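Written out below as structure tokens is the structure these notes cover.
Numbers here are sequence positions counted from 1. Keep in mind that what you see is a predicted model, and the values were worked out from it rather than measured. The basis for the numbers below is simple: all heavy atoms, side chains too, and nothing from hydrogens, waters or symmetry mates. Atoms within a ligand are numbered from 1 in the order they appear, just like the ligands themselves.
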Amino acid sequence: MSIRFLQETKSFRLDTPKATYLFHIHEGNYLIHDYYGATVGEDDLRYLCARGKRNGTYPNSPDVNNREFSPALAPMEYSTNGSGDFRISALQIRDGGGHNSTDLRYVSHKIYKGKPAIPHQPATYATAEEADTLEVFCKDPATGIEITLFYTVFRKADVITRHTMVANNTACAVDLERIASTCLDFVDADYRLLHLDGSWSRECTVEREALTRCIKTVSSKRGYAGHQHNPFVALVRSETTEDQGEAYGISLIYSGNFASETQVDAFYTTRMLMGINPEGFGWRLDVGETFYTPEAVMVYSNEGLGEMSRTYHKLYRHNLCRGPWKTKKRPILINNWEATRFTFDGNKIYSIAEEASKLGIEMMVMDDGWFGTRDDDKHGLGDWYVNEKKLNGPLKDLVDRIHGLGMKFGIWFEPEMVNPLSDLYEAHPDWCLKVDGRTMSTSRNQYVLDMSREDVRDYLLDCMAKIMDSCQIDYIKWDFNRPLTEVGSALLPAERQKEVFHRFVLGLYDLLERLLDRYPNLLLEGCASGGGRYDPAMLYYSPQYWASDETDAMERLPIQFGSSMCYPASSMGAHVSRCPSHHMKRTTPFETRGNVALWGTFGYELDITKLTDEEKELVKVQCEEYHKYFNVIHNGDLYRLIPPYTREEAAWMFVSPDKKEALVTVVVMMTKLHRNRYIKLRGLDPEKNYKDEETGKIYNGKTLMNAGLIFPEYREDFTSFKIHLTEI
Ligand code: DGJ
């Protein structure tokens, strides 16, 4: 078993292949955290919970017969508010008497094989052979509120997942004010906080900063993560690199407001929380009700960021994504958005598909503009009926013709939104999120539907089903293009308005679940003006995600590097687009655009009918390459060799699981004269010999990893090349 209860020390010991997690039941039934990090011996580690010399400013607990013990200093397994611990609280509950003093003490526990689902929420899943689970039942002694801490340990990966459940079996309703998914106390503060920030078209920029004695928060109040922060953070050591050093990743399986808070206290210890953002959150828990937090996924690596990322990639690919598409090769798609925006008709879509089908592209995706009066972004959103005039006939005719080309067909929806200028808004103005007396903000000329309402979700499912049942739709691009403002629901009483943000997310999950139940073979691609909602919860439903609206190959490099901190190549929507590029107006070689897009779920985002013959030949080559390299890229291990941040060059490689094949890609961002360029490869088998497909040269794995390779001479900015190695 990877989870043990050690009777003598009353400790819980959780072991992954290379890490140990320890906490114990202290006097007074406090749960005290001892250790999380590289595997340790069977020693009694409770000595680690001692803190520096305390003084009178730290309160004692009447339940612990030791004046040195204070909840304000002890490393708490799940911290609470208002009962002696002044650091950030994982749990804060306002009781029936109006107090928010919260406490949590151990009652009992159980350990079993496998992993439970979280009701009505996405989470990782595992068989009885893959994982073990610990449930620790606790109680707040004064209020009687029951709290269960869940831990799942993956036996073959350095992964521990956590979530929390609160049950109100008391005599009166209570209000949840803070409820984190995980809480981690560290004995020191010598860490850097790594997080992914950005903006539209510049998602997932890697930031790394020192911790200081204060609270650092990475969060969102937009109703989804947004482009500004991703629900992933890591604590790393100053010396941690791609290949060595400690990294503690925490990723939250949640599509709403999240917060990761990291506090260094006066004793230079660190506490980190991850969960639903307490700001903007509240939940009335009636008698007999339960509340489950989203799941936090913790990955420990002692082999740098690269190993941490590879652990996430495998876990999310095999134990989070689900359905027939989770590991299946995805069709190479062409999307008409950058080619036409709203100005197209059925004949144009067909002509793009026809040309694409000749070159090896396998799916036509018709983007925004095919429904209602949607000829611009001011009209029609919410009116999910086909504009047959624009499509030159029924949708089925167009779809059948495209299937006749041997292609699949995909279509765009933005279900959660409505334009004020739409039939839907006219009929149901109360279906929007709004606050009485306050003017609703528009963003991209649209309002947000109240996804907490069942009637709204029923309407949306019904509309989508009508389209889906009218013809064979193989794929949906599920878009979401604005943040939530004036967040109120017409159906909820005043004391529950604070629940709307979270209820919105639960409503989204419900709609996605019902859609996939009904159309189990449907391939979903998530999108929120690019990567605004690129989070693990969305990957549970949509195994691929449009990583960014930025399709310029150079701008894409940091976005893809940053996204790969947590998200696998198989999830990263990446397309070749036209030049000059849509937003940057930069021109890069067609080959480079292909090499960059090959990293993800490959496709095109251009008017293929306007390409030159030479470019069309390159499309054919790129499509063949997608199939040729599918195994190594999508099933393989990623090594980020040279990050793009110096803007000189970038390089990455994938190594197949059996290490028989590797693909290295190098992109020259800016040439420099008189500089030798050199690269050491990673992840190869030191005992194997590899042949460079292009030059025919044979190298030993050790040679490639220790001595490396000199780059070929190149002179032009934005050029790129690949090195394909196979075992001989
Ligand atoms: C935003 C998406 O990111 C784009 O790819 C495109 O689908 C537009 N929305 C359509 O409105």
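Under the 4.0 angstrom criterion for non-hydrogen atoms, Glu414 is not in contact with ligand 1.
Per-residue contacts place Asn481 under 4.0 angstrom from the following atoms of ligand 1 (heavy atoms of the residue considered): 1 (C), 9 (N). Within ligand 1, counting atoms from 1 as listed, the ones closer than 4.0 Å to a heavy atom of Gly530 are 3 (O). Contact atoms of ligand 1 toward Cys527: 2 (C), 3 (O) (distance under 4.0 Å to a heavy atom of the residue). The Ser529 neighbourhood of ligand 1 comprises atoms 1 (C), 3 (O), with distances under 4.0 Å to a heavy atom of that residue.
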Checking His575 against Trp337 for the ring-ring contact (aromatic ring centres under 6.0 Å, His included) test, could you report, in this order, the C-alpha distance in whole Å, the side-chain angles of both residues, the deciding distance, and whether it holds?
CA-CA 12 Å; His575 298 168; Trp337 177 247; over 10 Å; no

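Atom 5 (O) of ligand 1 has Lys477 NZ, 2.7 Å as its closest protein atom, hydrogens excluded (heavy atom only). The closest protein non-hydrogen atom to atom 11 (O) of ligand 1 is Asp368 OD2, 2.6 Å. Protein heavy atom closest to atom 2 (C) of ligand 1, with residue, atom name and distance, is Asp479 OD2, 3.3 Å. In terms of protein heavy atoms, atom 6 (C) of ligand 1 is closest to Asp367 OD1, 3.4 Å.
Side chain to side chain, Asp474 and His403 meet the donor-acceptor criterion of an N or O pair below 3.5 Å. A donor and an acceptor atom, one from each side chain of Thr124 and Asn319, are nowhere located under 3.5 Å apart. A donor-acceptor contact closer than 3.5 angstrom links the side chains of Ser441 and Glu486.
In this structure, of Asp549, Val365, Asn336, the residue bringing a heavy atom nearest to atom 4 (C) of ligand 1 is Asp549. For the residues Phe413, Trp337, Trp200, Phe480, the heavy atom positioned nearest atom 8 (C) of ligand 1 is part of Trp337.
Using a 4.0 Å cut-off between heavy atoms, Arg444 contacts ligand 1 through its side chain alone, with no backbone atom that close. For Asp377, no heavy-atom contact with ligand 1 is shorter than 4.0 Å.
Annotation: cation-pi geometry satisfied between Arg556 and Trp546 (NZ/CZ under 6.0 angstrom from ring centroid, within 45° of ring axis). In this structure, Arg330 forms no cation-pi arrangement with Phe602, as its terminal cationic atom is not both closer than 6.0 Å to the ring centre and no more than 45° off the ring axis.
One N or O on the side chain of Tyr312 and one on the backbone of Val297 form a donor-acceptor pair closer than 3.5 Å. Lys434 contributes a side-chain N or O that, together with a main-chain N or O of Pro429, makes up a donor-acceptor pair within less than 3.5 Å.
Ring centroids of Phe342 and Trp370 are separated by 6.0 Å or more, keeping the two rings apart.
For ligand 1, the polar-atom distance check finds no N/O of Arg374 at less than 3.5 Å from any of the ligand's N/O atoms.
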